[in-house]
There are 2 protein chains.
Amino acid sequence: MRSSSAPAGSDTRSRAATGRQAITAERVIDAAVRLTVEHGLEGWTLRRLAAELGAYPAVVYHHVGDRDAVVCAVLDRVVGGLRVPDPGLPWQEWFVELLSELRVVLRRHPGTARWMVLFGPSVQAATELLDRGVRMLLDAGFGEESTLAYHLLAATACQFVTMEDDRDGSLAERLDNTEEYAAYRDRSDLPGMAAHGRTMHRLLTEPGLLDAYFTHLYDYAVRRCLDGLTTRLADIRG
Amino acid sequence: MRSSSAPAGSDTRSRAATGRQAITAERVIDAAVRLTVEHGLEGWTLRRLAAELGAYPAVVYHHVGDRDAVVCAVLDRVVGGLRVPDPGLPWQEWFVELLSELRVVLRRHPGTARWMVLFGPSVQAATELLDRGVRMLLDAGFGEESTLAYHLLAATACQFVTMEDDRDGSLAERLDNTEEYAAYRDRSDLPGMAAHGRTMHRLLTEPGLLDAYFTHLYDYAVRRCLDGLTTRLADIRG
DNA sequence: ACCTGAACACCGTTCAAGT
DNA sequence: ACCTGAACACCGTTCAAGT
């Protein structure tokens with residue numbers, strides 16, 4: 001019987017001699033993206049990724065590097081899948097379009113949004129997007145503040161997607177406070193908490209409503225952000 | 001020589017017989033808060049927490065529960081340290097005051113902001129805060145939208161603090177792209193990227209400027225959010 | 001150069017046994 | 001009830017050895 005640490009289909013002969021595909025960096029990243037789509041970025045381990053390739057963990061190190069290096073490569077793939085909206089659009093519409101597509105792409109790869117907040121600007125594939133976005137704001141009249149405004153919009157979008165990812169993940173499953181919210185609904189001594197209780201109770205009991213709520217919250221956040229920047233632009237222009 | 005798995009100062013006799021303090025849930029949480037202030041929520045393990053108490057990991061389970069239970073107890077302590085701003089303030093000022101104090105408290109306990117985004121409303125100590133906040137918005141005229149608006153403000157604040165925590169943590173240290181940004185500064189074919197490169201290069205080379213930038217970004221995010229909600233309020237009323 | 005196979009130093013969690 | 005001490009099933013990472 002084989003040792004349990006041996007990868008599935010392993011063989012003492014070389015990969016070529018046994019008809020197994022040679023492992024390349026690209027194939028490692030392919031598998032990592034596949035696992036991310038299926039289980040999220042925190043839902044697979046380096047050992048699992050290696051097993052997916054029918055190889056040992058050290059093989060991943062040899063071709064790509066440590067776990068962070070694999071994650072960065074996945075980010076690059078994800079961002080690479082984004083299209084740049086039509087530069088002819090007004091700046092607000094341009095961002096609405098970009099950020100609603102960003103949400104779809106990031107949500108399809110759970111866990112990537114969290115990394116994007118910090119590493120987004122360093123991802124090679126994001127260069128064109130960043131350039132176009134900052135340029136939209138420069139042209140709109142934000143001047144020196146353009147990079148700050150861009151950072152605000154991009155960070156807000158990624159952060160709200162991260163919240164959704166976390167909610168689906170293991171973080172949230174341990175907590176069902178439907179009963180708790182129900183108890184607050186009639187507390188006339190805590191009118192704010194009562195309103196919150198009514199809203200949350202409905203969201204948690206009517207099926208499918210919670211997903212719709214998070215979509216709504218995302219759009220609401222993006223819109224308020226753009227409205228706030230519009231107010232700011234009027235102040236800058238004097 | 002003692003087994004390396006035995007906690008420091010361990011003794012086969014009972015804790016009382018050896019003059020060691022009995023372990024209580026409160027003392028476990030005290031230690032967890034202390035470790036969080038010092039190393040962040042992700043900077044300590046259950047084994048380390050147990051060692052801090054001179055006990056075995058199973059002791060933490062016995063008095064508090066698993067790691068998530070300890071974390072929730074820490075959150076409760078952190079939120080409990082917040083004061084509610086003067087209800088006589090205009091709603092915008094009320095939130096500016098609340099959220100700037102929130103940032104200070106969360107930043108003093110790195111890693112807690114990430115949990116607050118999802119679990120904040122369930123933390124017992126946050127009930128009064130939530131009630132007062134939603135009530136401010138109800139009184140301002142947000143009506144049915146008050147809980148949504150509150151959620152937007154609280155989530156935005158916690159998320160930007162999370163970004164700062166992540167930047168200080170191990171996530172960001174592996175990436176110094178000062179040189180990369182420098183290279184983009186003169187790319188007249190990528191004017192947006194050039195502007196971004198100039199801003200980032202300055203932030204990364206002039207000492208202390210980066211901290212100031214994140215403080216500025218946080219205030220900018222809170223202000224834009226409030227401005228956006230003010231615009232929205234005019235729409236609701238109009 | 002590429003891969004094997006095992007080791008190292010960790011985790012969170014569980015549990016029978018002692019007092 | 002409270003604590004001990006060890007075990008279980010994992011991690012990411014490293015490395016000498018093979019081909």
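Order of the sequence lines fixes the chain letters, A, B, ..., with proteins taken first and strands second; residue numbering starts at 1 for each chain.
- Rounded to a whole Å, the OH atom of A:Y61 is 8 Å from the C1' atom of D:dT14.
- Shown are B:R198, B:H196, B:M193; of these, the side chain to side chain contact (heavy atoms under 4.5 Å, CB included) with A:T147 is made only by B:H196.
- Here C:dA9 presents its C1' atom at 16 Å from CZ of B:R48, a figure rounded to the nearest Å.
- Because its NZ or CZ atom is not both nearer than 6.0 Å to the ring centre of B:W44 and within 45° of the ring axis, B:R34 does not count as a cation-pi partner of that residue.
- Contact annotation: A:Y56 side-chain N/O to C:dT4 OP1/OP2 distance is not under 4.0 Å.
- The aromatic rings of A:H151 and B:F214 lie perpendicular to each other, with more than 60° between the two planes, well past the 30° mark.
- Across the protein-nucleic acid pair, B:L46 atom CG and C:dT14 atom P stand 11 Å apart, rounded to whole Å.
- For B:V59, the listed nucleotide lying nearest its side chain is D:dC3; candidates were D:dC3, C:dT13, D:dT13.
- Between A:R47 and B:H63, the residue anchored closer to the 5' end of DNA chain D is B:H63, taking for each the nucleotide with the nearest heavy atom.
- Base pairing annotation: D:dA7 forms a Watson-Crick or G-U wobble pair with C:dT13, both donor-acceptor distances under 3.5 Å.
- For B:I23, whose side chain is taken as the heavy atoms from C-beta onward, the closest listed nucleotide among D:dC3, C:dT14, D:dG12 is D:dC3.
- Using a 4.5 Å cut-off on side-chain heavy atoms (C-beta onward), B:L148 and A:L217 make contact.
- Of the candidates D:dT4, D:dT13, C:dT4, the closest approach to any side-chain atom of B:A58 belongs to D:dT4.
- Searching all strands for a Watson-Crick or G-U wobble partner of C:dA1 with both distances below 3.5 Å returns D:dT19.
- Between the P atom of C:dC11 and the CG atom of B:D66 lies a distance of 17 Å, rounded to the nearest Å.
- In this structure, NE2 of B:H62 is placed 13 Å from C1' of C:dC15, rounded to the nearest angstrom.
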